[in-house]
Amino acid sequence: MKLNNKILVSILAGVLLISSNACTDGFEELNTDPNNPTAIGSQYILPFAIEKSVDRYWGGSARFERLNLDGAMLWVQYLARNIYSNEGDSYGISPAFYNNTWESLYDDGLTNFERIIKLSDPESASPNTNFEGIAMVMKAWTYSLLTDLYGAVPYSQAVSGAAVEPVYTPSYDNMESIYAGILADLKLANQKLSLDGPDVSGDILYNGDILKWKKFANSLTLRLANRQAAKKPAESKAIMAEILGSPDTYPIFSGNEDNAMLIHTATRPSNNTWNEVMVVGGRTDWNISKTFADLLNDTSDPRIAAIATEVNGGYSGVPNGLPDAIATTYLASSSTLAGRFSAADAPSVIMTVSELNFILAEAVLDGDISGDADAYFKKGLEASFDYYGLTMPADFIESLGTLDRETVLTQKWVSLFGQGVESWTEYRRTGYPKMPSADPRSIFENDGMIPTRLPYPTTEYSLNKASLDGGIAINGGVDNMQTKLWWAE
Amino acid sequence: MKRIVLLNKILALLLCAVVAHAQSISGTVSSEAEGPLPGVSVAFKGTTLGTITDIDGKFSLEAPSAEAILVFSAIGFDTKEMNIGNKTSFDILLEVDNKVLNEVVVTALGISREKKSLGFSQQEISGAALTEARSNNVVNGLSGKVAGVRIGSNGGPGSGSYIQIRGASSVSGNNEPLIVVNGVPMQQSNDKQYGGGISEINPDNIKDVSILKGPNAAALYGSRAANGVILITTKDGSSTKGLGIQYNANFTAERPFVKPEFQNQYGGGNGYRTWYADGWSGVIQPDAYDQYSAAYGGINPGNTTATAGTDESWGAPLDGRLTRQWWTGTDVAPLSPQPNNWEEYWETGTSLTNSIALSGGNESGNFRLAYSRLDQKGISAFNDYKRDNVTFGSSYNLNKWLKATYNGDYIKTSGNRNYQDGRQFVWAHRHISWDRLQDYASYEDVHVQRARDGRLADTDPPNWQHTFFTNPFFTNEFLPTTNDKDRLLGNLTLNAKITDELSLLLRSGTDLWTDTRINVTNFERVRNGNQTPGRYREEVLRRQENNHDFLLTYDTMFNKDFAFVGQVGGAQRTNFYKRNYTNVNELVVDGIYNLSNANPSQNTAESTIEKSEVQSLYGSFQFGYKDAIFLDLTARNDWSSTLPTNNNSYFYPSASVSAVLSDLVNISGPVLSFAKVRASWAQVGNDAAPYQLSQTFRAEGSWDGSVPQYYENIELANAFLKPEITTGVEIGADLRFFKSKLALDVTYYDQTTKNQILGVEISKASGYDSRILNAGKINNKGVEVTLGGTVLSSSSGFKWDVSLNYAKNQNKVLELAEGLDTYTLQTRRGLASIATIGQPYGTLFGIGFQKSPDGQIIHANGLPQVDGTPQALGNIQPDWTGGFLNTFTFKGVSLTTLIDGRFGGDFYDEGTATGRWTGQYAETAIGREEGVIGKGVQNIGTAESPQYVPNDVIVAGNQYYGYNSPRRYHEAAIYDGTYIKLREVSLGYSLPSKLLSKAKIQNAKISLVGRNVLLLFSNTTHIDPEVDRYGGNSQGFAYGELPSSRSMGVNLSLGF
């Protein structure tokens, strides 16, 4: 073979090898994600966002970050730890607790609720006022959780990371303005939600029942208006009057079938988070708190049989905050949670008709609305007994004595069992129920004070410091678990 | 042997017979010192024709023409050329090569170059150095031998190791070097459980390993070489004369390396009580009242609970009192210490490797066919790993100018890699005998299990408790984590010698593997009255990387002084990945692991596909002057599919110079025998991972198995990504003293990676977790020193060689995204490893204790006080690393010892801290009954004007030790990672050739080898500080890892 031929053949082979594929025209197509869509319908986002935010609120299944089980349920003395009392029961919590609660409520919940609002607003390709309304209600509830947990939080600039003009370091808003924003949103949501409007699917909370969503929106409005009533009396009264004055426009919960609660299923991970922790995970770390058992025993409240297990022919609890060596001695000798709470298909309760009636009873006593406080109180109790499949004993109300704020709020506390976060918020607002003095053997952190809020996430310290400093200043200057929040009376 | 030589001669004669005008020549090659030299290459210049001298240094062949030039070459000797003319007999005397630096090394693109011409730092390790004191993962053998190379390994069978050369240059991306086998990249994985990549290579196939350290050495490999390259050249048949057979057998046995210091005074449980009732902390039943009272002096019927539900060791003193235990049923047995239960728990791991290679070569080509089998048993029961390598390599001269080469390695691996951690000794009962637990089946009938009213009775296999743990021997056997992997790594190459100066290489290579992983996660059982079905996961992975490249080389001398090598080339690389995953949550029939044996509504499935492509053009130009000054220039342009189309092309050049001063100016003398200085500058570009340019929605399971769920990706995509660029400068000197008996190599480097493609964490209140950004600028600078030499060399044949290496890397984060001063690398339990501007990467940031001005922990009521504001608690970066290698040889005996160490660098070890919190370790036995006084101060003044005095408050032991909990008190779990280890010892004996020749054996060597022989120094107790859980950018975390192991063994190699 001649030299020229060699060169020719070699180069030809090389050119063939490379040029057969050497073209970058196909790169854009090649780099199009074959796994994940760039657009999706709201019906697929809604169930995710509801499940994630409700699960986080009701339990959280990862140890050290269970908002309800490692925090609220212990602090309002529904439950007490029989071991590892330094995981929440002694008022100490891990950074994962307050970091991940924050992250999940914003990024799993609010990001997707906001996305549904954008996907279904009138300007969008697929307008749907009912999706819009549902997402607004869920967004309002999630923000109310966040601000009630932490105090000032990013609100007006929050969840704008993907906006046209993105905000990566949102500033903090004070609770007063967040409440105002939430209340306005709920009102708008009630307007958007229309029984004649388009269908929604993927609604795992109310299965597309728009009337129930409207009831939830308005009941939640009453909860929040009542919460801020002492700080903003005129506005709150006006809101309550408007709702109660026009029940056709503003329907509210009328029975337990209206309750906002996520009814779980036996198919993991759609099971109840307490089931995941206690049954699937096999954790047996909790007993009924002595405070709760004692109060129900004192009032001969039959609901204890529905909530706690019987031990040695009765119901007894463990004092909160005991060191492990003492707490473990109570392990099996005091009542634990009844199986209904750890069933796979147990509900995660957001708001009930019982709570609504306690709210209205308190509002009458406070002079925020007119009406019959006794009637609301009775309705609240009846609904709670009914929820457990019980009938209230005829003399039960009578045995509680004269109706005053303390009675209403103490019975509200009993009725809220399970809804640790709401109960803790109401305790922080009103100081009720009056908690008994601590067991002398117990050891508490936080100077022995029941936590008043959650500390801000460590990620905010590293990622959003300037805004965070503003938030801390709004709350009163320090970021700890002893600062009283805005609505505290 | 003789027959083979004869055969070869006949073959050579036959071949030569076809060559016209052949002229028979023969001769002897010898040296003054060693006499006749076997194995010297005798070749005709410019051809591939040639032969090798026999055992007596004799050769004979046919010369093509009288003009031909004979070239005699052998390692360690100067190459000699001889014109044939009319001579037919040659007596050649070779001179010993004093310029050791004439050694030839393989550099980027597989180009062989004289080491002295390199303008950058490169270190070579011979295959033999990796095979004797072997680790089943070749790369572990580099530990301590190469300056600046850090290896993170663990003891699991078939496990992967994390490799890092110099510092970490990328905050979020891959910091591992590129692995190149015979010129073709191999996909590397540091997966601890499944290994992959370099861990699948058979060490016996390796001829040598070459480490190109910085971007300077690697500019021509493109993107993935920014962190250096590990070039592996496998053995071929070219050095075999005739037919050669090489056999190697290696057997090692291993045991855990560091045993924690346990306490053996108190049993499992709480409140000084140890009592098993039903594996949970249930109430003690009436049938045990008398027994319990006898042990503890009383019982509170209906209230006193058992302690098995507490997986800690705050139980009864191990004083022989009679208690119920998991294995006694309704009987009692003395509670006694089990100081050896650590030894009982771990098996003796074994590895047996058998390799056999058949090779042959002649003028027309060569081949090597090898098979090896590794059978490994892990230190935890039922864990194993099997690896078969079938390797074939051959090259053949199709004609005078065209050569074809094939290299292929088919690798089959499988095994059960179920056990990945040692948490059985972190959450544990100290009084447990693991020998007895291993024999759990014998206790099925005796063992008491929970049977609550109205619930199903429990059916768990017998265990020391049931609340949190399942018997690990049962799990390892019946809930295995297995895989079956097939891999083909190979390439086809054509070399065309177009003219004497011009040649073309065409190459096509693939690395293809598919892996099926089956992980049984549950068996049908009743636990705490709850029945759960059998469950398993099946994952099928497939990855393929194809590389096609060409390289045109022009190699010439302009006159006597000027040499030029120019190369231009191009490459196309495509990557494909596919994952199919099914989680079967409910098997219909337990024990049959088939996807159709499932309740489909309970299944979850996931699937991922990834494709990407990079095209490249590159060139390299080397100029040499008087074989003493060298200038290298390279340039490369890549086009990547993962970047935006308007920004997907990036160019990066490099330049290096080196000058052999001792050749240029006459400075060499009795002290200094050689001096070379080098300097280089290089850039390497890097692309992104696929699909980061547009915002997507992700599927996540379903509600109730029926309503599909999607969510918005919380990592914000970026349509405007740019390639990231690493720029490095390196200067170095290579000095030899005392007739090259002492060699010193010093390198200083400074490299900066900018425009890093990062998933930058942002405030979660933005609604998103992170943004993909071109952000970040990280600088690494450091010094590497290698000092080697012969300490002693006596006339009796005794020789002592020493090699020392030292590396110090300083890492600094210069910039992150705008407005961002911290990047989070890894978070666990609220403790974060972060990169903060102005600080080295990997600061451990978390919750610490309050300190007095003089740094002592402040106590209140005898307990340490927590500082709620997170703070910097340590940093994962070591101050420096080094190794010290000694080789002693005397006649056929050689002894090698390698000591290596890491100095500084912290890690967060949840395991050790938790073991203290749960009362496992010796220090927690102190003051248990009397109480303890924490070391530190207390404030007896006011908060405003504190007055610190030594803490004198006694608190209960378990309460105080609880302040080791790594989940709340991160500072208590931060430890110093310093260690010095006797890493390798090998004692070898080469049998004398006279003895062997009678048995027709060419060479034979037997060695006794040990790895991780001794931990000479450590600042931490209970654990090997070289521990690491995540590797990669998430180094510095550990939690009850599978312990590292010490291995001892024997290696036998035979050549026929």
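Everything numeric here is computed off the predicted structure, so don't read it as measured data. Per chain, numbering begins at 1; letters A, B, ... match sequence-line order.
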Between B:S766 and A:Y168 (side chain of the first, backbone of the second, donor and acceptor by atom type, cut-off under 3.5 Å), is there such a pair? no
Using atom types as modelled and distance alone, determine if a side-chain donor or acceptor of B:R968 lies under 3.5 Å from a backbone N or O of A:N86. yes
Do [X] and [Y] have side-chain heavy atoms sitting under 4.5 Å apart?
{"X": "B:Q615", "Y": "A:F27", "value": "yes"}
{"X": "A:L105", "Y": "B:K764", "value": "no"}
{"X": "A:P95", "Y": "B:I847", "value": "yes"}

Structural part of [X] lying under 4.5 Å from a heavy atom of chain A:
{"X": "B:H970", "answer": "side chain"}
{"X": "B:L693", "answer": "side chain"}
{"X": "B:S640", "answer": "backbone"}
{"X": "B:N958", "answer": "side chain"}
{"X": "B:P870", "answer": "side chain"}
{"X": "B:I609", "answer": "both"}
{"X": "B:S694", "answer": "side chain"}
{"X": "B:N648", "answer": "side chain"}
{"X": "B:E312", "answer": "side chain"}
{"X": "B:T532", "answer": "neither"}
{"X": "B:R771", "answer": "side chain"}
{"X": "B:W280", "answer": "side chain"}
{"X": "B:S706", "answer": "neither"}
{"X": "B:L716", "answer": "side chain"}

What option among [options] has the most heavy-atom pairs under 4.5 Å with chain A?
{"options": "B:Y969, B:Y272, B:Y710", "answer": "B:Y710"}
{"options": "B:T645, B:N528, B:V707, B:T608", "answer": "B:T608"}
{"options": "B:A306, B:G701, B:P708, B:G705", "answer": "B:P708"}
{"options": "B:G830, B:G529, B:S641", "answer": "B:S641"}

Between atom [atom1] of [X] and atom [atom2] of [Y], what is the distance when rounded to the nearest 0.5 Å?
{"X": "B:T822", "Y": "A:Y461", "atom1": "OG1", "atom2": "OH", "answer": "14.0 Å"}
{"X": "B:N603", "Y": "A:T267", "atom1": "CG", "atom2": "OG1", "answer": "11.0 Å"}
{"X": "B:N270", "Y": "A:I83", "atom1": "CG", "atom2": "CD1", "answer": "6.5 Å"}
{"X": "B:K611", "Y": "A:T32", "atom1": "NZ", "atom2": "OG1", "answer": "10.5 Å"}
{"X": "A:D33", "Y": "B:E610", "atom1": "CG", "atom2": "CD", "answer": "8.5 Å"}
{"X": "B:L863", "Y": "A:I443", "atom1": "CG", "atom2": "CD1", "answer": "6.5 Å"}

A:E28: salt bridge (charged side-chain N to carboxylate O under 4.0 Å, His left out) partners, not counting sequence neighbours: none
Part of [X] lying under 4.5 Å from any heavy atom of chain B:
{"X": "A:T284", "answer": "side chain"}
{"X": "A:I116", "answer": "neither"}
{"X": "A:A39", "answer": "backbone"}
{"X": "A:P37", "answer": "both"}
{"X": "A:E445", "answer": "side chain"}

Under the side-chain contact (heavy atoms from CB on, under 4.5 Å) test against B:E712, which residue among A:D108, A:I40, A:N112, A:I45 passes? A:N112
Using the ring of each side chain (for Trp, its six-membered ring), is A:H264 parallel, tilted or perpendicular to B:W703, with breaks at 30° and 60°? tilted
Taking only Lys NZ, Arg NE, NH1 and NH2, and the carboxylate oxygens of Asp or Glu, determine whether B:E700 and A:K52 approach each other closer than 4.0 Å. yes
Closest-packed option against chain B by number of heavy-atom pairs under 4.5 Å, given [options]:
{"options": "A:N36, A:D107, A:N35", "value": "A:D107"}
{"options": "A:E51, A:E87, A:Q43", "value": "A:E51"}
{"options": "A:I93, A:N480, A:V167", "value": "A:I93"}
{"options": "A:P170, A:P323, A:G202, A:S104", "value": "A:P170"}
{"options": "A:S160, A:A162, A:P154, A:P455", "value": "A:A162"}
{"options": "A:P34, A:P166, A:S94", "value": "A:P34"}

For A:Y44, look at atom OH and say whether over 12 heavy atoms of other residues, nucleotides or ligands are found less than 6.0 Å away. no
Evaluate whether atom CG of B:N646 has more than 12 neighbouring non-hydrogen atoms of other residues, nucleotides or ligands under 6.0 angstrom away. yes
Can you list the residues that meet the side chain to side chain contact (heavy atoms under 4.5 Å, CB included) rule with A:N207, with sequence neighbours excluded? none
Could you give me the CA-CA distance, side-chain angles and deciding distance for A:L463 and B:I762, then say whether side chain to side chain contact (heavy atoms under 4.5 Å, CB included) is met? CA-CA 6 Å; A:L463 303 168; B:I762 51 177; 5.7 Å; no
Quiz question: by atom type and distance under 3.5 Å, do the side chains of A:T38 and B:Q695 form a donor-acceptor pair? no
For residues A:T265 and B:D704, is any side-chain donor paired with an opposing acceptor at under 3.5 Å? yes
For B:D311 versus A:Y84, what's the shortest heavy-atom pair and its separation? OD1-OH, 3.3 Å
